[in-house]
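Data block below; observations after.
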Amino acid sequence: MGSKDNKQVGKNTNFWQSFSHAIDGCKTLLKTERNLRFHLVVALLIIILAGGLHVGWNQFLWLLLAIFVVLTAEVLNSIVERIVDLLVGNHFNQLAKEAKDMAAGGVLLATGFAMVVGIIVFLPLLIKLIPWR
Ligand SMILES: Nc1ncnc2c1ncn2[C@@H]1O[C@H](COP(=O)(O)OP(=O)(O)OP(=O)(O)O)[C@@H](O)[C@H]1O
């Protein structure tokens, strides 16, 4: 029986129960968050490109950091959306708007960081590939 089938509201009693709920959270994110799925596909393409261009380990770690910063921002954005919807439902509320917009702003900032890292890592390697240099 999956942990979704029970109606537990108290604390987890062991590591495996905590782990199983964390996996449920990841499944819900994948199922419900279109932007997160998009970022995962982009992350996969970045990793393939990094492998193809033989990016060094240091640069690869920067790329991984950028990927996880964006994914973490997406997860926090989804949490904020859920909590705001839980609190105010379908009613317009200025604080709800600000909270959701700020969470989305956090994703934008993280994406900006990832783009800067991507440019710094890939641009010199791509320029080297230009035949008429
Ligand atoms: N209850 C509310 N009160 C005021 N504004 C709201 C409310 N719910 C949503 N909004 C506005 O609508 C925007 C989009 O809402 P929400 O983030 O829930 O949609 P979404 O499509 O899931 O967003 P995302 O593309 O970030 O996943 C918010 O950034 C906010 O400006």
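All values derive from a computational prediction rather than experimental measurement. We count ligands from 1, going down the list as the structure has it; atoms in each ligand are counted the same way.
- Judged by distance alone, the side chain of Asn93 and the main-chain N or O of Leu95 form a donor-acceptor pair under 3.5 Å.
- Nearest protein heavy-atom neighbour of atom 29 (O) of ligand 1: Asp101 OD1, 2.5 Å.
- Looking at heavy atoms from C-beta onward, Val107 lies out of side-chain contact with Asn35 at the 4.5 angstrom threshold.
- Of all the heavy atoms of Gln94, none lies under 4.0 Å from any atom of ligand 1, so neither backbone nor side chain is involved.
- At a heavy-atom cutoff of 4.0 Å, ligand 1 is contacted by no atom of Val84, backbone or side chain.
- Residue, atom and distance of the protein heavy atom nearest to atom 23 (O) of ligand 1 are Glu81 OE2, 3.3 Å.
- Annotation for ligand 1: atoms under 4.0 Å from non-hydrogen atoms of Asn77 are 26 (O).
- In the vicinity of Asn35, heavy-atom distances shorter than 4.0 Å reach the ligand 1 atoms 24 (P), 25 (O), 27 (O).
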* Dump the intermediate steps for side chain to side chain contact (heavy atoms under 4.5 Å, CB included) on Phe113 and Val70, then the final yes or no. => CA-CA 9 Å; Phe113 168 71; Val70 172; over 6 Å; no
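- For atom 1 (N) of ligand 1, a protein heavy-atom neighbour is found at a distance under 4.0 Å.
- Considering Thr111, Ile67, Leu44 in turn, Thr111 is the only one that fulfils the side-chain contact (heavy atoms from CB on, under 4.5 Å) rule with His39.
- For ligand 1, the atoms lying closer than 4.0 Å to a non-hydrogen atom of Asn93 are 3 (N), 4 (C).
- Distance check for atom 9 (C) of ligand 1: a protein heavy atom is found below 4.0 Å.
- Heavy-atom proximity to Ala96, at under 4.0 Å, picks out these atoms of ligand 1: 1 (N), 2 (C), 3 (N).
- When heavy-atom distances to ligand 1 are checked against a 4.0 Å cut-off, Lys97 comes that close through both its backbone and its side chain.
- Atoms of ligand 1 found under 4.0 Å from any heavy atom of Val88 (numbered from 1 in listed order, with element): 1 (N).
- Using a 4.0 Å threshold on non-hydrogen atoms, atom 31 (O) of ligand 1 counts as touching the protein.
- Electrostatic pairing of Arg82 and Glu33 counts as a salt bridge here, judged by a charged N lying under 4.0 Å from a carboxylate O.
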